[in-house]
Amino acid sequence: MPAHSPQSACSEQAWAFGRLDELWERLSPLTPYGKDRKAERRVLSDRARIERAYDDAEAFAVFAAAGGADARADRLTHHLRRLPRLPFGTEEGAGGLDLVGLFQVKKFLANYRAAANLLDDGLRQRFDLRFEAHALAAALDEGGSDPETFYIADAMHPDLPSLRAAVAETAAALSSTRETDRQSARLELGLDFRAREFLVVPAERARPLLASPSPLVAVTVEPYDASSCVVRLQDGSAALELAERLDGLLARERELEAQVVARLARLVRHDAARLLRYTEAVCALDLARARAALALELQLTRPELGSDRLVARGARFLPCEWDCRRLGLVYAPLDLTLDEGAAVLFGSNMGGKTVALQSLVFLQAAAQAGLFVPAESYATSVYPWIGYVGELAADRAAAARSGLSGFGFEIRSFLQSWRRADAGGAFLVLDEFARTTSSLEAEAMLSAVVEALAGAPRSRSVLATHFRGVARLPGVRYLRLLGLDRERAARAMAAADEPLPERIRRINGMMRYQIVDEPPEDDGGSDAVTIARLLGLDARIVDRAEELLARRGGPAREPERGPAAGRQPRRDG
Amino acid sequence: MILAAESLTRRVTFITGPEKGSGKTTLLVHALGLLRLAGERPAFLGIGFDGERDPAARAPRIACLPGEVFVTAAACLATSGCWPEVLAALPGSSALGRLAVVRARREGRAVLVGSERNEYSARAIELIRAEDWARTVLVDGAMNRITQVAAFPGARFLFAVRASPADLERNAAAVRRLALLVRLPALGTAAEADLDHLDDLVRAAGLPVPASAVDGALTADALARAPRTARTLVVHDFTRVFLDLPALTALLSERALAVRAGVAFGGFSVTLRDVSRARFLQAVADPAVAAMIAFNPLETAADAAPGDNGAGA
């Protein structure tokens, strides 16, 4: 996997947590420049640039959908796919091109021009696909069997036609002389050199060649092994003379060709800035085509940026939806409206808290990467940073190697995101923060973190946690996933030997993934214990757990109430 | 016939050998000659350098005719004398710089320079075939480069060996070992994706079960780690087998060995020096191998006479 762009407004951890690669790999630019940009995996923080990317994709989609545009779009795809990388990346780098470099420039111009000609005026202007390098293109077009190949043509230097005629004449004479020698060797000596540069001949046949050389054909004879000799045809005086003449002509041709290459390279250098602009234009076109194609393929919707609220309607976390389809599970799209800067999300084990956070990161990072998103609608703001605080296996392992404990890793991870949020704003998700310490300490830490995040300007944070004792604070929204339908679960206990995939399917069928505002009172009973039972945990243990839970009075302690507890606006998802 | 134009035409043929100096390039030149006599305009390229220290000096220079396509470094174009037409620039580079696919516009000498990365050579072959620049491709390359190139439909490889009394046993063993490997049963690439049903695929191929897949190279260590109960071992392809002849023979006497991806084999080209054919075959000690060998491709027959237009060997 290529490195994340250092300019990206999304942390690698958030990108990985949101499984963005699974969407990103479907983005299919065709040119080397579009592929370079894709490899950067860059998430933007400049709203104008993001909107421009959306506008470009929409404009391309209109072009591709226009009546009779299929053939044009196919031809455009053809030319973008064939467009090579220029052999230089800076104006200075354009000096000193060789034959292959000139070929690349010619092929680039041929496909760039063809692509530009396929666009309508509006799209050409939008992407600034002008073609002005007429003199350079004409000079390069002189050499090549077709627009995509290149050689030094006779017309490129006044002395080349006569020189090459002399080369051809001399080479033909030499070839004819050597062919005559081969025929003579075959007829006079019985040695056939037609598909061979030399022959291995039995010694008894080679000896006469030395003893009485043929007056018509000269050969050299060298020992090969005890019973054989290597025999080679030797050029006669006529062939030697022709070969020497040919060498001289070829040396002169190399000089002339070098002059031509230098002249053409100077033309390229003169137009280098223009050509580099062309690469930017064609890159923008290529990415717009790729974004439009992805939007069409996955039925994506243009996000609305600049909203003070976060509103996701029918939003699909595609990697999870694809997983569910593969596993035969039901996928529930996300519906959520958030006015507050911070929200706390409670929910059962296996109830979808992590998936809800992943969905939010997925949508936000995709939107800020210039992609449309899988949702009926998605309104959000553009954040300077998208971060994730939680446990990714690889990061945790790396932290352990550097001597950090689980708690140390969590704090360090939060600190990195908090600095971003505090400095300029951020979109953060925190998954089970403070899981590695005691519940009392965790609830205190979480309460303080939530309070701080709620006060961070230009930020939106969502924290998922098991700890129900988090302080209820003003300006913070408290949500929960509906969780297990325990009445159904009670009626549907699994057989002891039911395979795990079946158990998971069963739990999935009974889980309600809708996000709602936290109810004022807990409804009693424990999803965790019921899920443990559904997953096949020994009934004696589960029964005992339920008994102990009942003695303690329910699954959660009563939360501490902040000054505004119970006065939060309540909305249904 | 192992070495005939018709067996080389319209396919990718990979010419390889056990070590440097085994006659790969000589065989390539001979194969090019056969194709030209048959009116074919082949493409040819090299892969890797067999550890050459000075690739510029040691890269083979091969005569090319108008219309023939080859892969070379940009730095070698000016001296080719063939009025080269650049058809494609390849990604990456070689020890001699950037590589290109080139068509000769007249007779000259091509400096064969290959990419150090298999996928770039595969890309060159793919281009040559897809763009219809040539229908016949000859590849001069090291043994460990076979797998990827041989993935092309109809591709096959030839194995060039030079043997003299001093190295007879070593080269005969190399031939015998390879003859065993190329005859391993191939399960097909389905076995790659369907490891859960490996036993079914192995049974369908007429081999004993249970089977066990060897991930990566089959070395003596990997063999020691393989389940003792496995009656058939399955490797990706024969180039992943790193057992010498005695170890391979011992393995095959106890268990079956199969490959997932078969690589078509065209035969051995054996050049002998102070060794008779009978002596070489005796050293190989596998009667089935004789039919897979073309001996001394550059040797002309002892009884060829003046006026005989035959090809000699």
Side-chain angles (χ1 to χ4, degrees), chain A residues 32 84-85 87 97-104 106-107 143-146 148-152 164 167-168 171-172 174-175 183 185-205 214 224-228 230-231 246-247 249-251 253-254 257-258 261, chain B residues 3 5 26 29-38 62-63 73-75 77-81 83-91 97-100 102-103 105-108 131 133 164-165 271-276 296-313:
Chain A
R85 188 187 297 282
L97 292 186
D98 58 15
L99 195 66
V100 177
L102 293 173
F103 155 81
Q104 287 171 287
K106 181 186 171 185
K107 188 171 178 181
S145 304
D146 63 50
E148 293 194 357
T149 68
F150 183 69
Y151 58 79
I152 303 295
R164 283 184 171 156
V167 167
L174 179 59
S175 181
Q183 278 184 19
R186 202 158 63 240
L187 295 170
E188 294 287 315
L189 310 175
L191 298 175
D192 188 348
F193 287 94
R194 281 179 300 180
R196 299 167 169 95
E197 289 190 331
F198 62 91
L199 293 172
V200 176
V201 176
E204 64 269 23
R205 284 198 59 210
S214 163
Y224 175 70
D225 62 14
S227 59
S228 313
V230 170
V231 179
L246 184 59
D247 282 348
L249 291 168
L250 290 175
E253 185 191 37
R254 281 197 294 276
E257 286 181 346
V261 168
Chain B
L3 289 178
T26 304
V29 171
H30 179 52
L32 283 172
L34 294 174
L35 288 165
R36 288 165 183 159
L37 277 178
I62 292 174
L77 284 174
T79 56
S80 70
W83 192 2
E85 178 170 23
V86 182
L87 305 177
L90 295 175
R98 198 159 29 141
L99 296 176
V102 170
R103 179 162 53 211
R105 292 179 52 80
R106 67 181 182 217
E107 200 172 329
E131 299 283 343
W133 293 328
S164 62
T271 303
L272 299 173
R273 198 166 197 155
D274 281 331
V275 175
S276 70
N296 298 347
L298 296 175
E299 186 177 84
T300 193
D303 57 355
D308 179 358
N309 283 334

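We name chains A, B, ... by the order of the sequence lines, and we start the count at 1 in each one. Excluded from the calculations below are hydrogen atoms, water molecules and symmetry mates; all remaining heavy atoms, backbone and side chain alike, are included. Please read these numbers as outputs of a predicted model, since none were measured by experiment.
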Which pair of heavy atoms, one from [X] and one from [Y], lies closest together, and at what distance?
X        : Y        : result
B/Asp274 : A/Ser227 : OD1-N, 4.4 Å
B/Trp83  : A/Ile152 : NE1-O, 2.7 Å
A/Arg254 : B/Ala78  : CD-O, 3.1 Å
A/Ser175 : B/Glu107 : OG-OE1, 4.0 Å

Is any side-chain heavy atom of [Y] closer than 4.5 Å to one of [X]?
X        : Y        : answer
A/Tyr224 : B/Thr271 : yes
A/Glu148 : B/Glu131 : no
B/Leu77  : A/Val100 : yes

Legend entry - With A/Phe193 via ring pair (Phe, Tyr, Trp, His ring centres under 6.0 Å) - residues at least two apart: none

Legend entry - Contacting moiety of A/Ala226, where chain B heavy atoms sit under 4.5 Å: both

Legend entry - Proximity breakdown for A/Val167 and chain B, heavy-atom pairs closer than 4.5 Å: side chain

Side chain, backbone, both or neither: which part of [X] has a heavy atom under 4.5 Å from chain A?
X        : answer
B/Arg273 : both
B/Leu272 : backbone
B/Ser164 : neither

Legend entry - Contact leader toward chain A among B/Ala100, B/Gly81, B/Ala89, where contacts are heavy-atom pairs under 4.5 Å: B/Ala89

Legend entry - Contact winner vs chain B - A/Ser228, A/Ser145, A/Ala251, heavy-atom pairs under 4.5 Å: A/Ser145

Legend entry - Straight-line distance of B/Leu34 CG to A/Arg194 CZ, nearest 0.5 Å: 10.5 Å

Legend entry - CG on A/Leu99 to CZ on B/Arg98, rounded to 0.5 Å: 10.0 Å

Legend entry - A/Arg164: salt bridge (charged side-chain N to carboxylate O under 4.0 Å, His left out) partners, not counting sequence neighbours: A/Asp154, A/Glu253, A/Glu257

Legend entry - side chain to side chain contact (heavy atoms under 4.5 Å, CB included) partner of A/Thr149, chosen from B/Val102, B/Val86, B/Leu87: B/Leu87

